[in-house]
Amino acid sequence: MVNATTRAVPRTTLRDLLVAQAVRTPDALALVDERESLTFRAVRRRVTALAGRLRALGVRPGDVVAVGVPRSASLSLSILAVIEAGAAYLPLDLGYPVERLAFMLSDASPRVLMTDAASQPLFGDAVPVLSIDENGGAGDETPALADALTPEHPAYVIYTSGTTGRPKGVAVSHGAIVNRILWMQNEYPLGPDDAILQKTPCGFDVSVWEFFWSFLVGARLVMAPPEAHRDPATLVQLVEDHRITTIHFVPSMLALFTASVIESHGPEAAVCTSLTRVFCSGEALGRGLSRAFADRFGAELHNLYGPTEAAVDVTCCPASGAWIEGDGGVPIGRPVWNTQLRILDHALRPVPPGAVGELYLCGDQLAIGYLGRPGLTASRFVADPFDPGRRMYRTGDLARWLPDGAVEYLGRTDHQVKIRGQRIELGEIESALAALPGVAQAVVTAAELGGGASEPGMDRRQLVAYLVPAVDHALDEAALRAALRDTLPPHMLPAAYVTLAALPLSPNGKLDRKALPLPVVGAQATAPGAAAGRPPAPGLESRLAAIFTELLDLERIGADDDFFAIGGHSLLAMRLAARIRRDLGQPVAVSQIMVAPTVARLATLLAETGERDEPENLGFAPVIRLRDGSGPPLICLYPGSGLSWQYSVLSRYVSGDRPIVGLQSPRPNGPLALSADLDELCDRQLAILREVQPQGPYHLLGYSLGGTVAYGLAVRLRRMGERVEFLGLLDTYPAEAHDWSGLGRTDADQAAEREQEQFLNDALADVMDEDLRREKVEMFGHIFGNYKDAVRVLSKARTPLYDGELTLFVAEKSIPPEIDPEGSWTGRVGRLSVHRLSHCSHEDIIAPASLRIVGPLLDRVIATAMADAEPVRAAVGG
């Protein structure tokens, strides 16, 4: 029988199994990330040290400990430490909005929050914090554990979308996840030569087996860098570099991964040959995608299924051989150890094979329930009428038995959807929309928009919001989008909005979802990050939009979609500039695209510029306005390139409508090229700053060289009696703290020339437009000239004292050996606040991927500085 799955499993906990394996293989390699490689012995020492600190804070079995750490070895060690201390870990995805993170902390009431200094500002101060940056000393490899941890205690809590608009935490026991992992090891055995890639975001329950399986069986766990799970090319490189044997994909990402390998390496080249087993779950796996995978890779592909309310997966099916013949989806298969499946009708009666019913789950892997929600738990975890005294979980999934005893998934009974592996309760989005001013009614659906081609297996559905405005209210779509971004994670944001006078109703007065119109007004991009707002206006906007969509391979985009947020990058910006010049006859520069990256903004800029102006002057002017607004601007100082374009991404994260202004040093007449030393450079830059903002309060931000200049400006402004409310330096240290001995003028020139030549070769390899090539050669020549001048002025500089507060952001992946980040500034400033960024290096600290963490952190720090300065501002009437 299909449900005859009884298997004797040791009555034990994750903690006991982790300790036992570490004792068996202490010298084997256990944990790897970009920065370090740790043996099982080293892992145990780090984990027990952290666990000791948790215990000192009162953590005991039954408690919840929140973990908010970027994906790295430190994240794995923090989770293991929570298990070692006997508590349940609550993963906090740093990509979630601050408001959602705050809700999870408030709702779960964790005993402690484990985080690093860079991430801590995302969480406020409502929960006691254990900083993983602080050295707690080495722990004992096999500590004495006096608490009574049992298999019934919770091991983890993961939040899912809520039907009532309130996310809910699912608590899962040690016994449940132990059953799941021991089954997996029996079914797909790993050995000491195996390596698992941990790439799933920690808030998704698939990450649970990724975090623990290798540690229980003596294999290696390789931690992918943050954001790597979104980039197929990076994943290919990680598999190759680390000889990964085991990996998980949501089917949509598997489609991109497979297509990327075929496109980059061809259909037969030997790549990712180390892969032995690939698992898919999170959404329906199509047979066509399974065949495409089988044709390209030698690894086994397996389809798994399970809701968050069970210990990850409860069924399995091979995605190979006869299982992938024909069309449709691969079945979800048969139940795992100690798990039973029931397909029942509305009266809880079993349906016959082939008939459609609702899927219920029973057995040892069911969750404890919803954290702090006994009523909701009782409504979803109901008594099993076929096994008195046991529970079954109502999944809300439609399914049927196949003749061979496998189960086929057929969709949902309610308004829950899964899109690209993320479980979404449409009701939660509807509740968030209905709570916004001016919204009378809101309905959200998932629909496939646009007719463009996609890879086999790619889920092209997107969320569509239908809104009925309140009486005498006009809905502002941009304001709605901004408000939702503050409360919902990115995967729950609607891609398109439709305003209706009234919702369509069926004859019995209920909402008729089938009658909801697909968006036909308002553009729709098929890439993450697309705003899908108003459509481009006829004329220049529409012509620009056509070029955007062709280069980005999208069906259509909105007038306010950000080129760089929907797949663009610097090389594509070069092609975009060439196409606009060729097709539209507009003398556009790449610099203009960088500062005006939407169709609407670029059209306005080009219309204002016209044929009479030199476009390069706009992107290379001494002052560029990255965002208009009101109030004191955030003044951003250029790094060694002399350009401030990269700061434009901050407009996504800096709250309110404050202006963002970039100060630049264009060659040959910029302040950097004209200045004999740093003092002259700061004096020249101060004159430009005072033209932009004649009086305070000032908010200054600088990166690298720009940090040194921003510091010099702050010193001068304070001497003039002006208020400097915020001074932020991105990976900047006193010039004399650096070792300049190896960077003589000749050496620096030669190094810059070699770097310039290589960069130009890479950047211009496929740029065919000769005018554009000449322009870029000249542009990069200016950039590297500025780099050499930056070395010249910094190598002779001396840092004055500053009596105000300095906020320092440290890129931990690239700290020079001679630099002590805190110590180098001690004694030079009135007050020092340091935020360590473990996820980035000096080179990428203001790259778009890094700014997903740095941006919200910076916004919070500036807001705090302004709030602290409010009494002073009020006293002086500012």
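It should be emphasised that the depicted structure is a prediction, and the values quoted were computed from it without experimental measurement.
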Residues at least two apart in sequence or cross-chain that pass ring pair (Phe, Tyr, Trp, His ring centres under 6.0 Å) with Phe40, listed by chain then number, are none
Exercise: identify the closest heavy-atom pair between [X] and [Y]:
{"X": "Ala311", "Y": "Val172", "value": "CB-CG1, 4.0 Å"}
{"X": "Val59", "Y": "Ala87", "value": "CG1-CB, 3.5 Å"}
{"X": "Ser131", "Y": "Arg53", "value": "O-NH2, 3.0 Å"}
{"X": "Leu149", "Y": "Gly86", "value": "CD1-O, 3.5 Å"}
{"X": "Ile158", "Y": "Gly203", "value": "CG2-O, 3.4 Å"}

Would you please classify the geometry between the His248 ring and the Trp209 ring as parallel, tilted or perpendicular, with 30° and 60° separating the classes?
->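 Perpendicular, since the angle between the ring planes exceeds 60°.
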Aromatic plane relationship, Phe809 with His835 - under 30° parallel, 30 to 60° tilted, over 60° perpendicular =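 Ring orientation, 0 to 90° scale: parallel.
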Decide if atom CG of Asp125 counts as having more than 12 heavy atoms of other residues, nucleotides or ligands within a radius under 6.0 Å.
-> no
Find out whether Pro91 and Ile79 are in side-chain contact, i.e. whether some heavy atom of one side chain is under 4.5 Å from a heavy atom of the other.
->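 No; the side chains remain at least 4.5 Å from each other.
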So, do Val178 and Thr13 sit near enough that their side-chain heavy atoms are less than 4.5 Å apart?
->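 They are not in side-chain contact.
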Hydrogens and angles aside, do [X] and [Y] bring a side-chain donor and acceptor to less than 3.5 Å of each other?
{"X": "Arg71", "Y": "His229", "result": "yes"}
{"X": "Asp33", "Y": "Ser72", "result": "no"}
{"X": "Glu736", "Y": "Thr799", "result": "yes"}

The single option from Tyr711, Tyr802, Tyr733 that satisfies ring pair (Phe, Tyr, Trp, His ring centres under 6.0 Å) with Trp825 is Tyr711
Are any of the side-chain nitrogens in Lys199 or Glu210 under 4.0 Å away from the carboxylate oxygens of its partner?
-> no
